[in-house]
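Numbers restart at 1 for each chain; the letters A, B, ... are given by sequence-line order, proteins then strands. Quantities reported herein were computed from a predicted structural model and do not represent experimental measurements.
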There are 2 protein chains.
Amino acid sequence: MSAVAAEVAVRSVLAIEDAEDLAAIESEVRAFAGPLGYDRFVLFSASAAQDEVLQSIYWVEGDWFGDGESVDAETYIRRCPVTRHILEAHEPFFWTKTVGDNGDLYRIVRAPRGRGIHGLQVPIFGPLGLEGAMSLGGEQIDASAHARLTLGLVAVSAFLAARRILEGPAGDAAGKLSGRERQVLAWTAAGRRQVEIAATLGLSERTVENHLRRIRKRLGVATTAQAIRVAIRNGEIAA
Amino acid sequence: MSAVAAEVAVRSVLAIEDAEDLAAIESEVRAFAGPLGYDRFVLFSASAAQDEVLQSIYWVEGDWFGDGESVDAETYIRRCPVTRHILEAHEPFFWTKTVGDNGDLYRIVRAPRGRGIHGLQVPIFGPLGLEGAMSLGGEQIDASAHARLTLGLVAVSAFLAARRILEGPAGDAAGKLSGRERQVLAWTAAGRRQVEIAATLGLSERTVENHLRRIRKRLGVATTAQAIRVAIRNGEIAA
DNA sequence: CCGACAATGGGGGAAATCCCTCAATATCGC
DNA sequence: GCGATATTGAGGGATTTCCCCCATTGTCGG
């Protein structure tokens, strides 16, 4: 099977990249992951920066908690502890759920086997760090390295396509500051003082100061140090 | 060819993941990318945060500038303008070099064709944002979406494996600050002033100030604003 | 043309940070 | 126990940032 699966994965990705609605993405993922034993899916955007890791759920489907019921987004957020691991994850990982005496126990494993719900969690990174993740789960899953790779490929493209469709073409938060302001803040984050920045950009010290004040006001923060953090978080300047 | 290539890519990735030295990675990449027309390679770690984007080159090979000579790392850094585009890139992209009147012109294109050197640039992201990239180039390259996907897969695994081998198992910079220092810096990043932090943590204003000075010294930065950036970048505090 | 806003700059003064040095505990590894 | 390091705190002064006000120029959309 695996000799074919790689090619199928590539075809799925290409189809997903061209998808024009979420349903198309979903059916592609189902068609690819189904034969590998996966029948539960979650796709969401995330951020390591926010207080709430989980930002918005694009797609949730299947009997995630083994109680025979489908799960809605809120429930998933509240109950699934797997998502917490994505903050430390650097690449896709398999997990398994074992039912113990004191509730469910989720563990990260090399290759899940046996009874219970297992799954693959695929973190998705971008210029800002963690940007989202896809979880795939099932009871009898193909947990080979081959499956990890191909599912990872499909999951990443599914996330990117879903975000493209659901979050609009481009309009995000990276536009609160004007160009000059971003520039001044970038130099500030680089360790330059107001006088130095003024010299670098050919401005008066006063202007740099005024820019910084306006930046603080715009970002709604009290100090320049905090402005750096918020700007990084918003993608205004690079970390 | 492509029906086979996807499977070959997966096998290459699995081999690369198990590689124990750089040479093994290189030969895997060559074996996979060669038949697609790529015979120039660069693999390097990067950071959108550094003043110097390029941090260290793991591997450079081939006649990158079309002058019949192999290129060493320093030359590549100085001369290749393609790397500058990775700061804005969100996914792998093709580029092409056209020789114009006033020097070489590098452009990002959908699918490079015709005479000249073309290539694929694959940015690699991680929890901290941009962490590295791989460039593959050649004169007669397969620039299909299929090649983009499979080469991307191979490039990412090559980068991760090379970093694992060359930068040691784990020892990175996420432990330069003491617990208290991290705490103080976190509150600073949250917009609190020294007095406020002192009150919150039950310290004297002097102590907070001393902590901040030591933080700056340790991180090797000039201002607290810069310390915030560097600390976020190093994973000391959350963005 | 006129309001909105980016970008520039200034005066004056209050507040905060930064820099140097020095010193006392406390803890941990060897 | 002894050195290294974390954590705490201080004196005193030099810089720097921050905050309130204000004004000018230019650009852009309605």
Side-chain angles (χ1 to χ4, degrees), chain A residues 169-238, chain B residues 51 170-238:
Chain A
D172 56 325
K176 296 190 70 175
L177 298 185
S178 75
R180 202 53 152 174
E181 286 162 352
R182 222 186 326 274
Q183 206 173 6
V184 168
L185 195 61
W187 281 111
T188 304
R192 307 298 173 89
R193 301 194 176 283
Q194 294 180 4
V195 223
E196 300 172 316
I197 298 171
T200 304
L201 299 182
L203 299 174
S204 87
E205 202 177 331
R206 246 325 162 355
T207 303
V208 173
E209 189 205 316
N210 284 333
H211 279 310
L212 280 171
R213 187 191 359 279
R214 184 165 286 109
I215 288 167
R216 286 191 298 271
K217 199 160 203 168
R218 258 205 239 277
L219 298 180
V221 301
T223 66
T224 298
Q226 188 184 14
I228 301 293
R229 211 251 295 247
V230 170
I232 287 175
R233 179 149 90 191
N234 291 349
E236 298 273 5
I237 62 175
Chain B
D51 303 323
D172 58 325
K176 298 189 69 173
L177 297 187
S178 75
R180 203 54 152 173
E181 286 161 351
R182 225 186 324 276
Q183 206 174 7
V184 168
L185 196 61
W187 281 113
T188 305
R192 307 298 173 88
R193 301 193 178 282
Q194 294 179 3
V195 223
E196 300 172 316
I197 298 171
T200 304
L201 300 181
L203 300 175
S204 86
E205 202 177 331
R206 239 354 173 327
T207 302
V208 174
E209 189 204 319
N210 285 333
H211 279 311
L212 279 171
R213 185 184 8 273
R214 182 164 284 109
I215 289 167
R216 286 191 298 272
K217 200 161 202 168
R218 258 205 239 277
L219 297 180
V221 301
T223 66
T224 298
Q226 188 184 14
I228 301 292
R229 210 240 311 231
V230 171
I232 288 176
R233 172 157 93 196
N234 291 349
E236 299 272 5
I237 62 175

**Item:** Rounded (10°) bend between the five-pair end axes of the helix from dG3(C)-dC28(D) to dC30(C)-dG1(D)
**Value:** 70°

**Complete:** Sorted by position of nearest nucleotide on DNA chain D, 5' first, the leading residue of E209(B) and T223(B) is E209(B)

Atom-pair distance ([atom1] on [X]; [atom2] on [N]), nearest Å:
{"X": "L185(A)", "N": "dC18(D)", "atom1": "CG", "atom2": "C1'", "value": "16 Å"}
{"X": "K217(A)", "N": "dA7(C)", "atom1": "NZ", "atom2": "P", "value": "17 Å"}
{"X": "R192(A)", "N": "dC18(C)", "atom1": "CZ", "atom2": "P", "value": "17 Å"}
{"X": "E196(B)", "N": "dC18(D)", "atom1": "CD", "atom2": "P", "value": "13 Å"}
{"X": "I197(B)", "N": "dA16(C)", "atom1": "CD1", "atom2": "P", "value": "12 Å"}
{"X": "Q226(B)", "N": "dT16(D)", "atom1": "CD", "atom2": "P", "value": "15 Å"}

If you measure from [atom1] on [X] to [atom2] on [Y], what distance do you get to the nearest 0.5 Å?
{"X": "I215(A)", "Y": "I228(A)", "atom1": "CD1", "atom2": "CD1", "answer": "8.0 Å"}
{"X": "E181(B)", "Y": "R214(B)", "atom1": "CD", "atom2": "CZ", "answer": "6.5 Å"}
{"X": "E209(A)", "Y": "I197(A)", "atom1": "CD", "atom2": "CD1", "answer": "12.0 Å"}
{"X": "R206(A)", "Y": "H211(A)", "atom1": "CZ", "atom2": "NE2", "answer": "13.5 Å"}

**Request:** Applying side-chain contact (heavy atoms from CB on, under 4.5 Å), run through L219(B) and Q226(B) and close with a yes or a no.
**Result:** CA-CA 9 Å; L219(B) 297 180; Q226(B) 188 184 14; over 6 Å; no

**Asked** Any side-chain heavy-atom pair from R180(A) and L203(A) closer than 4.5 angstrom?
**Response** yes

**Message:** For a 4.5 angstrom cut-off between non-hydrogen side-chain atoms, does L201(B) reach V208(B)?
**Reply:**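 Answer no - side chains too far apart.
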
**Message:** So does L177(B) get a backbone contact from the side chain of R182(B), meaning a donor-acceptor N/O pair under 3.5 Å?
**Reply:** yes

**Item:** Any donor-acceptor N or O pair under 3.5 Å, side chains T223(A), R216(A)
**Value:**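 Absent: no donor and acceptor within the cut-off.
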
Under-4.0 Å side-chain N/O to phosphate OP1/OP2 contact, [X] with [N]:
{"X": "R193(A)", "N": "dC18(C)", "answer": "no"}
{"X": "Q194(A)", "N": "dT17(D)", "answer": "yes"}
{"X": "T224(B)", "N": "dC18(C)", "answer": "yes"}

Would you tabulate the nitrogen or oxygen pairs shorter than 3.5 Å linking the protein to nucleotides 6-10 of chain D?
residue, atom, partner, partner atom, Å
dA6(D), OP1, R218(B), NH2, 3.4
dA6(D), OP2, R218(B), NH2, 3.3
dT7(D), OP2, S178(B), OG, 2.2
dT8(D), OP1, R180(B), NE, 2.7
dT8(D), OP1, R180(B), NH2, 2.5
dT8(D), OP2, R180(B), NE, 3.0
dT8(D), OP2, H211(B), NE2, 2.7
dG9(D), OP2, S204(B), N, 2.8
dG9(D), OP2, T207(B), OG1, 2.8
dG9(D), O5', T207(B), OG1, 3.2
dG9(D), N7, N210(B), ND2, 3.1
dA10(D), OP2, S204(B), OG, 3.2

